[in-house]
Amino acid sequence: MSNTGMNMRGKITFYEEKNFQGRSYECMNDCSDMTSNLSRCQSCRVESGCFMVYDRSNYMGNQCFMKRGEYSDYMSMMGMRDCIKSCRMIPMHRGQYRMKIYEKENFGGQSHEMMDDCDNVMDRYRMNECQSCNVMDGHWLMYEQPQFRGKMMYMRPGEYRNFMDMGMSGQRFMSMRRITDSCN
């Protein structure tokens, strides 16, 4: 069994209104389009696991990392301008973390392999930006600003040739963090 296959199940409950009011929808895995279950979502509870939520269907648009806790008004707390339209459960990972980042799209320009968090790509690697990457091991969050701030993007194992293809046009990433939360 692979390291990512040993994950525990997650559970998140979405509510139409703030403060856990209105109709609800319980989710225990990925959901590419929540609009068939709820017309809108303005609060949620993560009972177990970790999730990425997106303000567009098919895991596109602004993203937000959510771990166990209550989010009574996530829109104002997290600066999302629209309601949650899709969510993805993040499997728990045990083992090493490895990601190779590239300065240009299609794995061009200078590159660096990372195994730990990087709070500033410019300071550490003298790279002005990161436009593609290959995640070999683990699950990562990439941030548009140094010090793990600004808009984020969830990266699971795979090749990412061009971040614009993922709905992140004009965005550059300046810091990266491993998702090491136990997500219980």
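All figures in this text were calculated on a predicted structure; none of them were measured in a lab.
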For residues 17-24, which side-chain donor-acceptor pairs fall under 3.5 Å, sequence neighbours excluded?
from	atom 1	to	atom 2	distance (Å)
E17	OE1	R40	NH2	3.4
E17	OE2	R40	NE	3.4
E17	OE2	R40	NH2	2.1
Q21	NE2	N19	O	3.1
R23	NH2	N37	O	2.6

How are the rings of Y160 and F163 set to each other: parallel, tilted or perpendicular (split at 30° and 60°)?
tilted

Any sub-3.5 Å donor-acceptor pair from S175's side-chain atoms to Q145's backbone N or O?
yes

Could you go through the side-chain contact (heavy atoms from CB on, under 4.5 Å) check for F51 and R88 one step at a time?
CA-CA 6 Å; F51 291 83; R88 179 167 268 155; over 6 Å; no

Which of parallel (below 30°), tilted (30 to 60°) and perpendicular (above 60°) describes W140 and Y97?
perpendicular

Which heavy atom of C87 sits nearest a heavy atom of V53, and at what distance?
CB-CG1, 4.1 Å

Q63 side chain to Y154 main-chain N or O, any donor-acceptor pair under 3.5 Å?
yes

Over all heavy atoms of both residues, which pair between P91 and M89 is shortest? Give the atoms and the distance, please.
CD-O, 3.5 Å

Show the nearest heavy-atom pair for residues S43 and C41, with the distance to one decimal.
O-SG, 3.6 Å

Polar side-chain atom of D137 near backbone of Q96 as donor-acceptor pair, under 3.5 Å
no

Identified side-chain contact (heavy atoms from CB on, under 4.5 Å) counterpart of M136 within the set K100, M99, E159
K100

Determine, step by step, whether Y143 and L141 satisfy the side-chain contact (heavy atoms from CB on, under 4.5 Å) criterion, reporting the C-alpha distance in whole Å, the side-chain angles of both residues, the deciding distance to 0.1 Å, and the verdict.
CA-CA 7 Å; Y143 296 83; L141 291 175; 3.4 Å; yes

Separation between NE2 of H93 and CZ of R156, rounded to the nearest 0.5 Å
14.5 Å

Under 3.5 Å, side chain of S86 to main-chain N/O of R56, donor-acceptor pair present?
yes

If Ile, Leu, Val, Met, Phe, Trp and Tyr residues are connected whenever their side-chain heavy atoms lie under 4.5 Å apart, and connections chain through other members, are M176 and F107 in the same group?
no

Any side-chain heavy-atom pair from M155 and C133 closer than 4.5 angstrom?
yes

So which atom in S132 and which in G108 form the shortest heavy-atom distance, rounded to 0.1 Å?
OG-N, 4.4 Å

Going by side chain to side chain contact (heavy atoms under 4.5 Å, CB included), name the residues that satisfy it together with D33, two or more places apart in sequence or in a different chain.
T35, S57

Report yes or no: do Y54 and I179 belong to one cluster of Ile/Leu/Val/Met/Phe/Trp/Tyr joined by side chain heavy-atom distances under 4.5 Å?
yes

Aromatic ring pairing Y25/F14, orientation class (parallel under 30°, perpendicular over 60°, tilted between):
parallel

Is there a path of hydrophobic side-chain contacts, each under 4.5 Å between heavy atoms of I, L, V, M, F, W or Y residues, that connects M114 with M142?
yes

Would E113 and R98 count as a salt bridge (charged side-chain N to carboxylate O under 4.0 Å, His left out) if you check the C-alpha gap in whole Å, the side-chain angles of each, and the deciding distance to 0.1 Å?
CA-CA 7 Å; E113 188 169 313; R98 285 186 5 187; 3.6 Å; yes

I'd like to know if the side chain of E144 reaches the main chain of K151, judged simply by a donor and an acceptor atom lying under 3.5 Å from each other, with no hydrogens or angles considered.
yes

Quick check for you: to the nearest 0.5 Å, what is the distance between Q131 atom CD and I101 atom CD1?
12.0 Å

Linking I/L/V/M/F/W/Y whenever any side-chain heavy atoms sit under 4.5 Å apart, do Y102 and F173 land together?
no

Using modelled atom types only, decide if a donor and an acceptor are shared between the side chain of S32 and the backbone of N58 within a distance under 3.5 Å.
no

To the nearest 0.5 angstrom, please state how far the NZ atom of K104 sits from the CG atom of N128.
8.0 Å

Can you check whether I90 reaches M52 side chain to side chain, under 4.5 Å on heavy atoms?
yes

Donor-acceptor pairs under 3.5 Å, side chain of residues 115-124 to any protein atom, not counting sequence neighbours: which ones?
from	atom 1	to	atom 2	distance (Å)
D116	OD1	R124	NH1	3.3
D117	OD1	R178	N	2.8
D117	OD1	R178	NE	2.9
N120	OD1	M122	N	3.0
N120	OD1	D123	N	3.1
N120	ND2	D123	OD2	3.3
R124	NH1	D117	O	3.4
R124	NH2	D117	O	2.8

Walk me through whether E103 and M127 qualify under side-chain contact (heavy atoms from CB on, under 4.5 Å).
CA-CA 6 Å; E103 183 179 29; M127 282 176 61; 3.8 Å; yes

Decide yes or no for M66 and C44: does some side-chain heavy atom of the first lie under 4.5 Å from some side-chain heavy atom of the second?
yes

The reported gap from CD in E26 to OG1 in T13 (rounded to nearest 0.5 angstrom) is 4.5 Å

Is it possible for you to say whether L38 and I84 belong to one hydrophobic cluster, with membership spreading through side-chain heavy-atom contacts below 4.5 Å?
yes

